[in-house]
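Worksheet: the structure to be examined is printed underneath.
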Protein chains: 2
Amino acid sequence: MGDTPGLDEPTLEEQIAAYQREFQDLDPQVEKIVNALSRLNRRMNVAYGRQTAELGITNADWEVLKALVLSGAPYRMGPSDLAKRLGLTPAAMTHRIDRMVTEGLVTRERDENNRVRVIVELTPAGREKWQEAMRMATVFETDLLQDLSPEERTALGEVLTRLLRRVEDAQPDAGGRLTDLD
Amino acid sequence: MGDTPGLDEPTLEEQIAAYQREFQDLDPQVEKIVNALSRLNRRMNVAYGRQTAELGITNADWEVLKALVLSGAPYRMGPSDLAKRLGLTPAAMTHRIDRMVTEGLVTRERDENNRVRVIVELTPAGREKWQEAMRMATVFETDLLQDLSPEERTALGEVLTRLLRRVEDAQPDAGGRLTDLD
DNA sequence: TGTGTACTCTTTAGCATCGAACTTTAGGTT
DNA sequence: AACCTAAAGTTCGATGCTAAAGAGTACACA
């Protein structure tokens, strides 16, 4: 029988207490925020993964579908543009597109104007999958934020974008794998 | 020449505008929060990755060191406990421990009381690496939150733990890869 | 026209991961 | 005591990623 990893972690409070025990000069408030951000993100990814699995695709597929849809009609991009957008190597994109072509989510053809280039285009089926995934995602997201008042949402959005701006200024070239979803 | 993925994404605002263009019934405020969370987390992971690389270890190593340190003295755990804690399979732990043993970060020995079991124990060198990584991490984290007032920090920590509690109740067994750090 | 150079994508080799099969040991049941 | 079952860890095969090398095409410039 295969092992299904089942993540068995202490509560956030226990964990921060343990950090304080093992490391001096630790600001518990900072640690609480940072660790909550990490955990929240992981749980979100788990939720998205379950939803896409239900649709018969992977999170990796969904990332590509999102990039294509967000590029706007006619939903075409080159493999290396996709690779840059998703933060992975062109080599990885080649294989990912292979798979998605066989799944019928995208088509791949050479650009007749510049035969070095390849055009990856979303199929109607791929667009449909994206919409279904979006419907499920928005349900989850709405549920997640359900307990927040309008004022809290505004404040949270503002603070998070402020933090994001700060870290983006600090690392203008991200160079990170897009394991998370956006 | 190898490709260094360089993540080339639209601004958060552009992206949300594109979502609205392509998908009806979208709450921009919700989307802003969720997408900011994802992006923030990715940037944090990039920062942690650079720091651990500077110390000559990987983020994977750091995850294991953290789990061992947080377990408390004498900093011992079994491979499958570690695997559960980190959300990966025992098979992956076997190889990861192999590597870390050769790096001198941990030791592996059989439990004499129950010879099926294996004990992974942190070495002094491993503990030292953990402390250096923590020092760097706390500098980054402090800098990240620098612009937030004490009131904002309190409010942010409270809201995030509320969201976390909600999503943890919804998925009691996480079953997710611990790609993020905590 | 010919050549060099840059760019785009694919191929190859190596590594980490997962799922599943397997080995060894512990502990309960008859 | 002999067996059965469960648990811990490793091994094996497949997949997806990276880094690096390779092949094909376009464009600038002599």
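The chains referred to below are lettered A, B, ... by the order of the sequence lines, with proteins before strands, and numbering in each begins at 1.
With rounding to the nearest 0.5 Å, the separation of NZ in Lys129(B) from CG in Leu122(B) is 13.0 Å.
One interatomic measurement links the two molecules: CG of Asp111(A) to C1' of dT8(C), which rounds to 11 Å at whole-angstrom precision. A straight line from CD of Glu63(B) to P of dA16(C) spans 13 Å, rounded to a whole angstrom. If you take CZ of Arg117(A) and P of dC7(C), they are 11 Å apart, rounded to a whole angstrom. To the nearest angstrom, P of dG28(C) lies 12 Å from CG of Asn114(B). Look at CE on Met93(B): it is 16 Å from C1' on dT11(D), rounded to the nearest Å. What separates CD1 of Ile97(B) from P of dT17(C) is a distance of 11 Å, to the nearest Å.
Where Glu112(A) and Ala92(A) each meet DNA chain D at their nearest nucleotide, the meeting point lying more 5' is that of Ala92(A). Comparing Asn113(A) and His95(A) by the nucleotide of DNA chain D whose heavy atom lies nearest to each, the residue mapping closer to the 5' end is His95(A).
Contact annotation: Arg115(B) side-chain N/O to dA8(D) OP1/OP2 distance is not under 4.0 Å. Between dC17(D) and Arg96(A), a contact under 4.0 Å exists linking OP1 or OP2 to a side-chain N or O.
At the heavy-atom level, Arg110(B) lies nowhere under 4.0 Å from the strands shown.
Electrostatic pairing of Lys32(A) and Glu13(A) does not count as a salt bridge here, judged by no charged N lying under 4.0 Å from a carboxylate O. The existence of a salt bridge linking Asp147(A) and Arg162(B) is excluded, since no basic side-chain nitrogen approaches an acidic carboxylate oxygen closer than 4.0 Å. Salt bridge status for Arg127(A) with Glu22(B): present, with a side-chain N to carboxylate O gap under 4.0 Å. Salt-bridge annotation for Glu9(A) and Arg39(A): present, with a side-chain N of the basic residue lying under 4.0 Å from a carboxylate O of the acidic one.
Ranking dG9(D), dC9(C), dG16(D) by closeness to the Ser80(A) side chain, first place goes to dC9(C). With dC9(C), dG9(D), dC12(D) as the candidates, the nucleotide lying closest to the side chain of Ala91(B) is dC12(D). The Thr89(B) side chain lies nearest to dG19(C) when the options are dG9(D), dT8(C), dG19(C). Considering only the side chain of Arg99(A), dG16(D) comes nearest among dA26(D), dG16(D), dG19(C). Considering only the side chain of Leu88(A), dC17(D) comes nearest among dA26(C), dC17(D), dT25(D).
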